[in-house]
Amino acid sequence: MDCPVCKEPMVVIEHASVEIDYCMKCQGVWLDSGEIELLMGDAQACDAYLCGGKPADNKEAKRRCPICGKKMGKAVTHGVEPVTYDRCVKGDGLWFDKGELEAVLKGGGNVVSDFLREVFPKGD
Ligand SMILES: [Zn+2]
Ligand SMILES: [Zn+2]
């Protein structure tokens, strides 16, 4: 699958039965539909959190879904530090620019630090 930003092939990282696509170039992350729920553990809470924010202001550049090629919509998480991310309008999955997934998982308040440490070893 190609990165929706760089158009270069992403690498697949597998962790705890979740496959994530990661772009080495821009450090963005694609999660197929359902994978964020696996990461966060609770599908219902996850949904409420992920779509609980105010509507996105659409200032960010639109990305195209790496699966269906359609323009993705913006969504904003609930919480003290809302994160704006991209979401396929057809439900293929979610795109997070560099640092966004980490912010989302932290904001969701679950214990995924091991996951993040393993997948994104601190390099910078
Ligand atoms: Zn990229
Ligand atoms: Zn799509």
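Indexing begins at 1, ligand by ligand and atom by atom, following the structure's order.
Contact annotation: the side chain of Val104 approaches that of Leu50 to within less than 4.5 Å [non-hydrogen atoms, C-beta and beyond]. Under the 4.5 Å side-chain criterion, counting only non-hydrogen atoms from C-beta, Cys65 is in contact with Asp92. In this structure, Met24 and Val11 have side chains that are in contact, with non-hydrogen atoms separated by less than 4.5 Å. Residues Ile13 and Asp21 form no side-chain contact, since every pair of their non-hydrogen atoms from C-beta on lies 4.5 Å or further apart. Within the 4.5 Å cutoff, the side chain of Ile36 has heavy atoms near those of the Cys46 side chain. Looking at heavy atoms from C-beta onward, Met10 lies in side-chain contact with Pro4 at the 4.5 angstrom threshold.
Here ring-ring contact (aromatic ring centres under 6.0 Å, His included) pairs that include residues 65-90, with residues two or more places apart or in two chains, are Tyr85-Phe96.
The Zn ion (ligand 1) has Cys3 SG, Cys6 SG, Cys23 SG, Cys26 SG as protein N, O or S atoms under 2.8 Å away. Around the Zn ion (ligand 2), protein N, O or S atoms at less than 2.8 Å comprise Cys65 SG, Cys68 SG, Cys88 SG, Asp92 OD2.
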Please determine whether side chain to side chain contact (heavy atoms under 4.5 Å, CB included) holds for the pair Val5 and Arg63, giving the CA-CA distance in whole Å, both sets of side-chain angles, and the decisive distance to 0.1 Å.
CA-CA 7 Å; Val5 180; Arg63 319 277 196 216; 3.5 Å; yes

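Take Lys70 and apply the side-chain contact (heavy atoms from CB on, under 4.5 Å) test, not counting sequence neighbours, and it matches Cys68, Lys90.
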